[in-house]
Every structure is written in structure tokens, then in C-alpha cells.
Novice: 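Before we start, here is the structure in question, set down as C-alpha cells.
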Amino acid sequence: MNTLLKFCGMTNYEDYSKAVDSGVDYIGFIFAKSKRRVNPHDVHKWVKGKPKKRHQKLVGVFVNETIETIVEVIHACPIQVVQLHGLETAKYITELKSSLPAMKIFKTVHHKQSGHRELKDFKGYVDGYIIDTKTEDMWGGSGIAFNWESVPLYTAEAMEQGIPCFIAGGVKVSNIKELMNYEPAGIDVSSGIEEMGMKDERKMKQMVELTKEKYQAPDSLGRFGKFGGKYVPETLMHALEELEDAFEAAIADEKFFEELHREWERYSGRPTPLTEAGRLSSYLGGANIYLKREDLNHTGAHKINNAIAQALLAKRMGKNQIIAETGAGQHGVASATVAARFGLTCKVFMGEEDMKRQELNVFRMRLLGAEVIPVISGGKTLKDATNEAIRHWVSHVEDTFYLIGSAVGPHPYPKMVREFQSVIGRESKEQFIKEVGKLPDEIIACVGGGSNAIGMFYPFIEDDVSLIGVEAAGKGVDTNEHAATLTKGSVGVLHGSMSYLLQDEWGNIIEPYSISAGLDYPGIGPEHSYLRDQGRVTYESVTDAEALEALQVLCQYEGILPAIESAHAVAHAMKRARELGSDAKILVCLSGRGDKDVHTIQGVLGGNEYE
Ligand SMILES: O=C(O)c1ccccc1NCC(=O)[C@H](O)[C@H](O)COP(=O)(O)O
């Protein structure tokens, strides 16, 4: 589990700059009486000179200050969190919030016997706690530790309130591991990273290393262990390198993210809600199920998250033509949509078989101005559409951006799609902690290529949460008609990367089958293969029949019609809810809505049962 880390008391540009480079989560400046006190105009200059990293937050520390002074400081420098380190009350915080409504507030509580009870006074008023040592003459920064046996009590109360609690006071490189045995959500250090009054780069780095169990895949070659990589014709190597450079530059650029978030919010409707499936959970009589409602995105599925981001990247790279492959039509619709939104031309490659199954989506893409190109090779499904899209890209690489819709393909696509879809997991984490007060016990998502699943799982990868991907078992994994790549496949290369595949002994691809067009892909994103072999994620499979049953149950108990893809995740969640006790919480990624599938469902179930 990752521990949040805050470095406090930066007094000059060099120290602030070292803190930024260390990758620490929070960087603090003291605006109270102290040897570390700084002037907000200096802080403004330092931050302008060296922008913080995207995930970092700047904290201003105040002690019993007037609200007017805090407001003045906040207007003079870019602080995201106000830390109140004195005797401020809930009433004072309410007044402060009315002057600074968007500001996050951390309240320091100085440790004393039963100090954890004091946290209750601030419930609902603050966004985080610091527990620190108070000495006779110092409010903080004393370098003196309190008795850490009380840490679990503070942590439990803060967890209950759904916010982090940082432990401060006398933390050093030599004792931080001891503190971590008490499992604090966060740690705050000032003296412990100092050497002769200056912050020490080596100590900062050591602290970051000691608190972060870093998951660091892919490597610089785009490999997740032995999986991933770039198995492409020479003609595409340059295009992939150019794409990787553009992607890395974009994700380091706050402006790119500002625009992306604006589009996600104002065009697609993010954040999507977290819905407690109360009636479904009571019906099952076990764990509580929560649904992350990606079905409520514009165009009806998670695919738009990535499509918007890649289209913005295409524009940034000056490429005005996008191509895409599609199976269920969701990614094709998302690509056609963003092409219209950003004034790009769009060609969508789609297997003829899928075009029949998803007739309405084909019409919809054309309505949006895209050209839908039927693919008649192979099984005429997603694999063949992807082959054709790659072929087209090879001969139009100069002005064409290939907008891949899942976490598959050569590097950097799996990493890029993960980055853009991780908004699902990030939002879910925040919403879950806020609503439930803790992380879910299990998270379940369906896996075809694996983009909704990796987007949901990635932000939880270092947390103590079970992650379960659900593949399509079609008519059963012991028949020849399934798409259970991880359950039944073997390692090989497809569409530019190494992963598990459905293939025969000579390496020929076996045509997959699933009732859901979005899951019948013979490969899987390389990161899923890696996570399976590492044992970090468990992969299960669900048949067509089980998925259809779950779809009907969700319709009838929650009034939600899921995509057949997402119904696979719901089916497995229903199984697990019955197995787990009523204390357990399951989060399901409801990746898309089922309107596109009504025709297929009607074909299987007949039309009369529900009259
Ligand atoms: O650090 C200060 O000088 C200070 C002065 C007045 C109020 C708060 C102050 N520091 C607050 C912090 O967040 C420190 O990181 C925290 O007290 C831990 O300090 P240390 O024991 O030196 O690690």
C-alpha cells in the first residue's frame, strides 16, 4: 500500500526544486512564525521557475492566522491546501471556507491522550489531518516524535471520515519504516530531511523510496515483463517513436490535461457517478455492490475517455486524419464522435460480421460523418478490422493518426490507453472513499482488449484490493466457442505486441467467439498478461448465458440496462456477492450501456417474455 508523503518547510528555491524532483506528494511552506517562515511572493517566483509535477500539491501552513491574511497569501501564490496548525475551530474553518470555497483544508491536531476523539469535532469540515507533536515553544517542525502506538486510532477515525491522516513529528530516514508498521495513510516530515538548515536531496529520495512500493511497468522499451514491446514493420517504427515522444510531452504538460479534463467534464459528462446497487445487493443477500457508471458517458461507454485524449494528441501532432478499428462499434462511434468534435476526418475499419451485429452503430458512425470500411478477411470481426487498420496506417503514416481503442497494440499504445482510461479508477477511488469510508474489497471489470479494466485497476494496483478481470467464456471454455484468452491461451505476438493469445500449435489465430462483439478478441492487452503472471490480478470467465442472466437481473433490480460486455462483470460480481459476507464491498466497472445490444438480446431471449 502506498503511503502519502509530505515534505514541509521549504525555505528557498533550491530546496523546493529538490522536493519537486523527489516526486513527493505534498510540498509545504510555512507562513507562520518559524525559522522556516517564507514570503508568498517568493513562493510564487519559485513555483513559476519550476512547476510542480501534476500529482503534487502545494500546502500553506498557518498558525492561528486571521482569515484575511490567509486569503491574501492564497491570492499571492499557488497553494492547493491550507494546513491549519494551531487552535483553529470548526467555526473558524467554516468562515475560512466561505472566503476560499474551493480550497482543501488540512487540520493539525496535536497529539495527546485520546487525541483521536478530537478529530470528530472536524468531521465534514476538513479534507485531511496532520497529527503532530506540540512542544512548549513550537507548534511544529520540532523534530520530536510522539508515541506512535496511537497512530492506528487516528488512522481509523480519519478513514471513517473518508480522508487521509498524516503523521508528523520527528520522522527520519532511520525510523520511517518503524512508523510505517502502524500503517499511516500519510507521513509529514520537515527536520528529518534537513542537514545544516537546508533540505537534503539524498534524504528526500530515500524517504520517497521507503514509502512508495512502486509499480513500474512498462519499462522504457514498452515491456511489461516479457509482454508488450513493438513488433511492427520498419515503416511504423518512426511513427511509434514520434507518437511516444508526443505522448510523453503531452502528459507532462498541465495545459494538455486542463484541456482534456475540460472536454471530459463539459463534453462527455465526467465525473461519472458511483451508484450503490442496493436492491441488487439485497436480492443477492451478500456483499454490497457499487457500480462505476461509465455507461453514462456521452456515446454510452468508457471508450470516449480515450478517444477524446488521443484526438487531442492527434491535433497536437498536426495529424488531421484519424483511423480506428471497432468490434462492438463503441470505439468506432467514440472515434467518429471526437473526429466531428475536433474537425478531423475519420475512417473506421469494422469486420463485416460485426457490422451485421451492430447495424445501428454503423449507421450512427456514418451519421457522425465517418467512413465505415467493411473488412471481409478472416472471421470478419475485431482482429481482422485491426489488421486492416494497421495495413492502412503503414501506407498513410505521414498524415494519419491511428486511434487504437483498447490497451493493446505496440508500445506506447497500451501505456497510453491505460493513462487515459485511468480516470475511471482515480474517480472511483475518490468517490468510494468519500461514500463508503474505505477502499472496496474487490473490483471487477470485463476484459476484451482490456481498456476499461486496466483504467479501473491501475490506480488501485498498489492498494490492498482484490482485482478481478472477467473474460468471455462464450458457450463455455471447454468448447471451441469462447474468447477466454487468459484462461485458455498461450504466449504469442498479435497486432504489434506479445501477450496471451488464442492460437493453435502452429501459431495461427483461433477465431474467438462471444455473444458480445466487444469481447471477442483473440488477444488481450499485454499488461493483463503480466498482471496475471504476477498474480496481482485474477482472471475469471463468464458464459453468454450467465452474462445475459445478469443483464436481466440488473435491468429488473436497478433499472440499468448494461452493455453485454459489462454484464459479464456484473455476472461475476453476483457470484462473488453471494460468496462474500455482507460486510464486503464490491466495485464493478459498468463499462457501457446496452442500448446498442437490444437487438441481439431480443434475438436470443425472444420478444414476448416481458409483455
Ligand atoms: O516546521 C515548522 O517550522 C513549523 C512551524 C510552525 C507550524 C508548523 C510547522 N511545521 C509543520 C509541519 O507540517 C512539519 O512538517 C511537522 O511539524 C513535522 O516537523 P518535524 O518534526 O520537523 O519533521
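Counting starts at 1 for both ligands and their atoms, following the listed order.
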Novice: Side chains of residues 162-185: which donor-acceptor partners sit under 3.5 Å, not counting sequence neighbours?
Specialist:
residue, atom, partner, partner atom, Å
Asn175, OD1, Lys172, N, 2.6
Asn175, ND2, Gly170, O, 3.0
Lys177, NZ, Leu210, O, 3.4

Novice: Do the numbers put Arg37 on top of the ring of Phe31, so that NZ or CZ is under 6.0 Å from the six-membered ring centre and no more than 45° off the axis?
Specialist: no
Novice: Could you label the plane-to-plane angle of the Phe146 and Tyr154 rings as parallel, tilted or perpendicular, counting under 30° as parallel and over 60° as perpendicular?
Specialist: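 Ring orientation, 0 to 90° scale: perpendicular.
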Novice: With heavy atoms under 4.0 Å as the rule, classify the contact between Val63 and ligand 1 as side chain, backbone, both or neither.
Specialist: side chain
Novice: Does a salt bridge link Glu95 with Lys91, judged by any charged N lying under 4.0 Å from a carboxylate O?
Specialist: yes
Novice: Among all protein heavy atoms, pick out the one at the shortest distance from atom 2 (C) of ligand 1; state its residue, atom name and that distance to 0.1 Å.
Specialist: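 Protein heavy atom with the smallest distance to atom 2 (C) of ligand 1: Arg36 NH1, 3.2 Å.
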Novice: Any idea which of Gly86, Ser191, Gly28 brings a heavy atom closest to atom 22 (O) of ligand 1?
Specialist: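 Considering heavy atoms of Gly86, Ser191, Gly28, the nearest to atom 22 (O) of ligand 1 sits in Ser191.
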Novice: Angle class for the Trp264/His261 ring planes (parallel below 30°, perpendicular above 60°, tilted otherwise)?
Specialist: perpendicular
Novice: Is the number of heavy atoms from other residues, nucleotides or ligands under 6.0 Å of Glu242 CD greater than 12?
Specialist: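 It does: Glu242 CD has more than 12 such atoms within range.
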Novice: Does Arg418 make a cation-pi contact with Tyr458, if we ask for NZ or CZ under 6.0 Å from the ring centre and within 45° of the axis?
Specialist: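 Yes, Arg418 sits over the ring of Tyr458.
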Novice: What I want to know is whether Lys33 and ligand 1 share at least one N or O pair that is separated by under 3.5 angstrom.
Specialist: no
Novice: Please identify which atoms of ligand 1 are closer than 4.0 Å to at least one heavy atom of Cys8.
Specialist: 12 (C), 13 (O), 14 (C), 15 (O)
Novice: What do you reckon, is NZ of Lys438 surrounded by more than 12 foreign heavy atoms closer than 6.0 Å?
Specialist: yes
Novice: Under 4.0 Å from any heavy atom of Lys6, which atoms of ligand 1 are there?
Specialist: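 In order of numbering, the contacting atoms are 13 (O).
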Novice: Under 4.0 Å from a heavy atom of Ser34: give me the atoms of ligand 1 that qualify, with their elements.
Specialist: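 Those qualifying, in numeric order: 2 (C), 3 (O), 5 (C).
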Novice: Check each atom of ligand 1 against the heavy atoms of Ser142 and keep those under 4.0 Å away; list them by number with element.
Specialist: 21 (O), 22 (O)
Novice: Which atoms of ligand 1 have any heavy atom of Val61 under 4.0 Å away?
Specialist: 8 (C)
Novice: Quick one: look up the protein heavy atom nearest atom 13 (O) of ligand 1 and list residue, atom name and how far away it is.
Specialist: Asp188 OD2, 2.8 Å
Novice: Can you tell me the protein heavy atom closest to atom 23 (O) of ligand 1 and the distance?
Specialist: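 Answer for atom 23 (O) of ligand 1: Ser190 N, 2.9 Å.
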Novice: Name the option, out of Gly143, Gly141, Gly170, that contains the heavy atom nearest to atom 19 (O) of ligand 1.
Specialist: Gly141
Novice: Can any side-chain N or O of Ser566 pair as donor or acceptor with the backbone N or O of Ser591 at less than 3.5 Å?
Specialist: yes
Novice: What part of Gln83 sits under 4.0 Å from ligand 1 if we count only heavy atoms: the side chain, the backbone, both or neither?
Specialist: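 Answer for Gln83: side chain.
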Novice: Which ligand 1 atoms, with their elements, are less than 4.0 angstrom from a heavy-atom of Gly169?
Specialist: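 The list of qualifying atoms is 18 (C), 21 (O).
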Novice: For atom 11 (C) of ligand 1, find the nearest protein heavy atom and state the residue, atom name and distance (0.1 Å precision).
Specialist: His85 CE1, 3.5 Å
Novice: Could you tell me whether Lys429 and Asp463 have a side-chain N and a carboxylate O separated by less than 4.0 Å?
Specialist: yes
Novice: In the protein, what heavy atom is nearest to atom 16 (C) of ligand 1, and what distance, to one decimal place, separates them?
Specialist: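 Here the nearest protein heavy atom works out to Asp132 OD2, 3.3 Å.
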